[in-house]
**Q** 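Before I ask anything, let me first share the structure, which is written out below as structure tokens.
In this chain, residues are counted from 1 in sequence order.
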Amino acid sequence: MSKNTGRNSAIQAITSYRAEAAPLNFAETRPTEIFGCNVFNDRVMRERLPRDVYKSLHKTIAFGERMDPSIANTVAAVMKDWAIEKGATHFTHIFYPLTGQTAEKHDSFLTPDGNGGVIAEFSGSMLIRGEPDASSFPSGGLRSTFEARGYTAWDVTSPAYIMENPNGTFLCIPTMFLSWTGVALDKKTPLLRSNQAVNRQAQRVLEIFGISTGLPVVSYAGLEQEYFFIDHNFNFARPDIQIAGRSLFGARPAKGQEFSDQYFGVIPQRVLSCMMEVERDLYKLGVPVKTRHNEAAPSQYEIAPLYEPSNLAVDHNHIIMATLRNVAKHYGLKCLLHEKPFCGVNGSGKHVNYSLGNSELGSLFDPGETPHANAVFLVFCAAMIRAVHKFGGLLRASVASAANDHRLGAHEAPPAIMSIFLGDQLTEVLEAFRAGRAEEADTGKSGRTMNVGVDTLPPLPTDPGDRNRTSPIAFTGNRFEFRAVGSGQSAAGSITALNVMMADSLGYAANWLQKEIDGGKDRNAAVESFISHVIEEHSAVIFNGDGYSEIWHKEARRRGLPDLRTTPEALPVLTRPDVIELYESQGVLSREELRARQEIYAEQYCKTVRTEANLVIRIAKTIIFPAAMRYQGELATTAAQMRAIDKNYRTVALDEVSESLNALQENTAALEKAVALAGDAGEGLPAAGIYCDKVLPLMEETRKHADHLETIVADDLWALPNYQEILFGK
């Protein structure tokens, strides 16, 4: 009989698992019929609002005009009636504080009428502004703890929606989160400001080309979300996974992902059932989910929606993450959104497919059939190249976290060096401009086809360039894919950085082109001049090769590209003078707001590593030590019995266990001292450096000895579920 009851109980629960959730009936609730049914969208507003109110609100949403405050009461009354018809009793202002998570405070529609009954109330002022207690949210020194007032302000560009719960529904209103003094305390406010900035500068460039559009130029994002599903029993049997979201111990199993049999394989039935319920819930909320599939690592999966305006895409991604976590429980699963939950297999990211444009213009990163002749595309592409070269460190800082540091640079994620992959055709086009041979820029590759060698299939058209999965920023046909965002992170910070960088470069482009034209050049000559200049000055950031190779790291250093491998190295970029000037000049974040974010992120890094280090110490002392010592005792007893028969008897196993156990104890003691030392340094950037340089290496060294013990201690004594059980237990 195994002594390991906790681990055995988890395994037994999996083998006897029966689905609790009722099967979904898609014949009765077709996705086409329920899509957006819980969203206060344009169709609902057009049907329910008075015509003049609808027109006014639509102008604000579609054209970015300032909202008329006189319509707020009417909109609120109609929204309340719609929500109550759907069973809502409460409303909440949804916001994204600097914790990176979703926050909400629920208030009831119901108010006593003074006669023993209640009435439902929801005024325009309640819709436009809320007042959650802001004292417990991180502010980075922007306000004192005793100054509790904070405001949520309605983001009219993102539709309100109904969130369902088994015991009722409630109305969710997307909002910004600001301090009493108007300082941004959230992720959404800078994103909305950056969208305004990039629109201003993009319109200047388009005006030079004689292109007018009645719609604002907005940033678009398609956010691919990777995640793990494991049985929830393993979550409860692993304190590290339960608290830290990742395994701090665990020897590699005999089989990992090296066979590539998980990637795009048949989705396990329980997981697929969960995915289908997730998708149905997301359909109701108007989230245009398109793709689901197995990812590369065992028990890793991906969900991806279609392109949307970036503000809405970020809101929908927060909904996706919450829905994955909640629905997983219906199927006895735990959704892990940590960037690196298991050592030795792929971690999880959130790829941001980024572009600029609107419904009239399409994507301004679309090269068309002949990119050499598409001057607007080339200017916008050159602006992106300049932006990444000048502010690559900022992009790295936008994804900095203790969790993402474990993933960046591994063989499932791009390196920390920010470079751009363009593909052969586009690179040749731009190089031709630099060489003054713009007329030769057409490489003739745009219409290439691929013969697949199967008689029943016609030749297949190919894209002008292959994909590069090792590049952090890759051009993929009509957009740039930024692949460094972590799975559990909000994409708002990175998209804000991309918008601000692009606004700066587009403003630079507009100034350059206008100056050249005012100097007597025609527009084509001005465009050639600008592109040649950008490629001459900023082509160091273009790299089409293997981003994992050591050769590239040496070459990147030669080119002067920053290699900020850790969060403590990356965060100082946020308060670099050129970055402060960038954000302030575009009206997105002030010096104080940037400094506060740097302080908050450093504090979060320290707290994350400290929590994990304390978990390592506790698990080592209370779970791994006892198991190894019991086995050591059994081996010692056996050895004593054998020496009674043969005095020269010696057991190699006992020596090996004793050696690893001693090393584990020594490293655990050293880790305790390092954590205490780091704690004395506070929670700022200096302390983050200590946690990175002193604490993390000792955590890894402690883990090395514990993982070795897992491979030699008797299995019936080992208390922690192992990787084989967690990753392959479906």
**Q** Going by side-chain hydrogen bond (donor to acceptor under 3.5 Å, both in side chains), name the residues that satisfy it together with Thr496, two or more places apart in sequence or in a different chain.
**A**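 For Thr496 there are no side-chain hydrogen bond (donor to acceptor under 3.5 Å, both in side chains) partners, ignoring immediate neighbours.
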**Q** Show the nearest heavy-atom pair for residues Lys340 and Val345, with the distance to one decimal.
**A** NZ-O, 2.8 Å
**Q** Tell me the side-chain hydrogen bond (donor to acceptor under 3.5 Å, both in side chains) pairs involving residues 676-699, sequence neighbours left out?
**A**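 Only Arg610-Glu683, Arg610-Tyr691 qualify under side-chain hydrogen bond (donor to acceptor under 3.5 Å, both in side chains).
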**Q** To check you understand the geometry: which heavy-atom pair defines the closest contact between Ala237 and Leu720, and what is its length?
**A** O-CD2, 4.0 Å
**Q** Tell me whether Gln269 at atom CD has more than 12 heavy atoms from other residues, nucleotides or ligands lying less than 6.0 Å away.
**A** no
**Q** Is a side-chain N or O of Gln724 found less than 3.5 angstrom from the main chain of Asn722, in a donor-acceptor match?
**A**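 Checked: no pair found.
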**Q** Surrounding CD of Glu659 (heavy atoms of other residues, nucleotides or ligands, distance under 6.0 Å), is the total greater than 12?
**A** no
**Q** Measure the CG-NZ distance between Leu698 and Lys673 for me, rounded to the nearest 0.5 Å.
**A** 11.0 Å
**Q** Looking at Tyr723, Phe249, Phe728, which one forms a ring pair (Phe, Tyr, Trp, His ring centres under 6.0 Å) with Phe342?
**A**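 Of the listed residues Tyr723, Phe249, Phe728, the ring pair (Phe, Tyr, Trp, His ring centres under 6.0 Å) partner of Phe342 is Tyr723.
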**Q** Would you say Ile417 and Arg559 make side-chain contact, with heavy atoms under 4.5 Å?
**A** no
**Q** Using 30° and 60° as the class boundaries, would you call the ring planes of His293 and Tyr263 parallel, tilted or perpendicular?
**A**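 His293 and Tyr263: perpendicular rings.
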**Q** About how many Å separate CG of Asn614 and CD1 of Ile619, when rounded to the nearest 0.5 Å?
**A** 11.0 Å
**Q** Hey, does the side chain of Glu277 reach the backbone of Val327 with a donor-acceptor pair shorter than 3.5 angstrom?
**A** no
**Q** Tell me whether Glu302 contacts the main-chain N or O of Glu224 through its side chain, where contact means a donor paired with an acceptor under 3.5 Å.
**A**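 No; judged by distance alone, with no hydrogens or angles, the pair does not exist.
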**Q** Give me the atom names and distance for the closest heavy-atom approach of Ser494 to Ser398.
**A**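 Looks like OG-OG, 3.0 Å.
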**Q** Applying the side-chain hydrogen bond (donor to acceptor under 3.5 Å, both in side chains) test to Ser348, which of Arg407, Gln300, Glu339 qualifies?
**A** Gln300
**Q** Quick one, Arg597 with Glu593, criterion salt bridge (Lys or Arg N to Asp or Glu O under 4.0 Å). Give me CA distance, side-chain angles, the key distance, then yes/no.
**A** CA-CA 6 Å; Arg597 279 156 174 76; Glu593 288 170 322; 5.3 Å; no
**Q** Applying ring-ring contact (aromatic ring centres under 6.0 Å, His included), can you list everything that pairs with Phe234, at least two apart in sequence or on another chain?
**A** none
**Q** Decide side-chain contact (heavy atoms from CB on, under 4.5 Å) for Asp186 and Leu98; before the verdict, give the C-alpha distance in whole Å, the side-chain angles of both, and the deciding distance to 0.1 Å.
**A** CA-CA 5 Å; Asp186 67 337; Leu98 292 173; 5.7 Å; no
**Q** For the backbone of Glu226 and the side chain of Ser487, can you confirm whether one donor and one acceptor N or O come within less than 3.5 Å of each other?
**A** yes
**Q** Counting C-beta onward and ignoring hydrogens, is there a side-chain heavy-atom pair between Tyr301 and Gln262 closer than 4.5 Å?
**A**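 Sidechains of Gln262 and Tyr301: in contact.
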**Q** Drop me the distance from Leu654's CG to Ile712's CD1, to the nearest 0.5 angstrom.
**A**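 Rounded to the nearest 0.5 Å, the CG-CD1 separation comes out at 10.0 Å.
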**Q** Can you list everything that forms a side-chain hydrogen bond (donor to acceptor under 3.5 Å, both in side chains) with Arg576? Sequence neighbours excluded, please.
**A** Asp578
**Q** Dump the intermediate steps for side-chain contact (heavy atoms from CB on, under 4.5 Å) on Trp552 and Asp546, then the final yes or no.
**A** CA-CA 7 Å; Trp552 165 234; Asp546 181 2; over 6 Å; no
**Q** Dump the intermediate steps for salt bridge (Lys or Arg N to Asp or Glu O under 4.0 Å) on Arg558 and Glu555, then the final yes or no.
**A** CA-CA 5 Å; Arg558 188 191 68 79; Glu555 173 63 16; 2.6 Å; yes
**Q** Closest approach of Leu248 and Glu612, non-hydrogen atoms and distance?
**A**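 Nearest heavy atoms, Leu248 then Glu612: CD1-O, 3.5 Å.
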**Q** Hey, is Glu701 close enough to Lys704 for a salt bridge, meaning N to O under 4.0 Å?
**A**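 A salt bridge is present here (some side-chain N lies under 4.0 Å from a carboxylate O).
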**Q** Counting only N and O atoms by type, is there a donor-acceptor contact under 3.5 Å from the side chain of Asn662 to the main-chain atoms of Ser658?
**A** yes
**Q** Looking only at heavy atoms, which two atoms of Ser299 and Ile726 are closest? And how far apart?
**A** OG-O, 4.1 Å
**Q** Which heavy atom of Pro341 sits nearest a heavy atom of Ser247, and at what distance?
**A**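 Closest pair (atom of Pro341, atom of Ser247, distance): O-OG, 2.7 Å.
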**Q** Quick one, Val573 and Arg396 - any side-chain contact, counting heavy atoms below 4.5 Å?
**A**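 Of all side-chain heavy-atom pairs linking Arg396 with Val573, none is under 4.5 Å.
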**Q** Could you pull out all donor-acceptor pairs under 3.5 Å where a side-chain atom in residues 560-568 meets a protein atom, sequence neighbours excluded?
**A**
| residue | atom | partner | partner atom | Å |
| --- | --- | --- | --- | --- |
| Asp563 | OD2 | Arg565 | NE | 2.9 |
| Asp563 | OD2 | Arg565 | NH2 | 3.1 |
| Thr566 | OG1 | Glu569 | N | 3.4 |
| Thr566 | OG1 | Glu569 | OE1 | 3.0 |
| Thr567 | OG1 | Ser401 | N | 2.9 |
| Thr567 | OG1 | Ser401 | O | 3.1 |
| Thr567 | OG1 | Asp405 | OD1 | 3.2 |
| Thr567 | OG1 | Asp405 | OD2 | 3.0 |

**Q** Does the side chain of Thr291 come within less than 4.5 Å of Ile303's, by heavy atoms?
**A** no
**Q** Could you give the distance from CD (Glu295) to OH (Tyr227), rounded to the nearest 0.5 Å?
**A** 10.0 Å
**Q** I'd like to know if Arg703 and Glu700 make a salt bridge, using a cut-off of under 4.0 Å between side-chain N and carboxylate O.
**A** no
**Q** Mind checking the NE2-CD spacing from His232 to Gln242? Nearest 0.5 Å is all I need.
**A**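 Interatomic distance, His232 NE2 to Gln242 CD, rounded to 0.5 Å: 12.0 Å.
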**Q** Considering only heavy atoms from C-beta outward, does the side chain of Val609 approach that of Cys692 to under 4.5 Å?
**A** no
**Q** If we only count heavy atoms from C-beta on, is the Val541 to Ile473 side-chain gap below 4.5 Å?
**A** no
**Q** Measure the CG-CD distance between Asp655 and Gln632 for me, rounded to the nearest 0.5 Å.
**A** 10.0 Å
**Q** Please determine whether side-chain contact (heavy atoms from CB on, under 4.5 Å) holds for the pair Ile241 and Ile230, giving the CA-CA distance in whole Å, both sets of side-chain angles, and the decisive distance to 0.1 Å.
**A** CA-CA 10 Å; Ile241 295 177; Ile230 65 170; 4.2 Å; yes
**Q** Working note: Glu672 + Lys621, criterion side-chain contact (heavy atoms from CB on, under 4.5 Å); need CA distance, chi angles, decisive distance, verdict.
**A** CA-CA 11 Å; Glu672 286 186 284; Lys621 284 185 170 182; 3.0 Å; yes
**Q** Does a sphere of radius 6.0 Å around CZ in Arg252 hold more than 12 heavy atoms from other residues, nucleotides or ligands, not counting ones at 6.0 Å or beyond?
**A** no
**Q** May I ask you to decide if the ring planes of Phe95 and Phe177 are parallel, tilted or perpendicular, using 30° and 60° as cut-offs?
**A** tilted
**Q** Any side-chain heavy atom of Arg246 sitting closer than 4.5 Å to one from His406?
**A** yes
**Q** Not counting sequence neighbours, which residues clear salt bridge (charged side-chain N to carboxylate O under 4.0 Å, His left out) with Glu710? List them please.
**A** none
**Q** With a 4.5 Å heavy-atom cut-off, do Pro239 and Ile623 have their side chains touching?
**A** yes
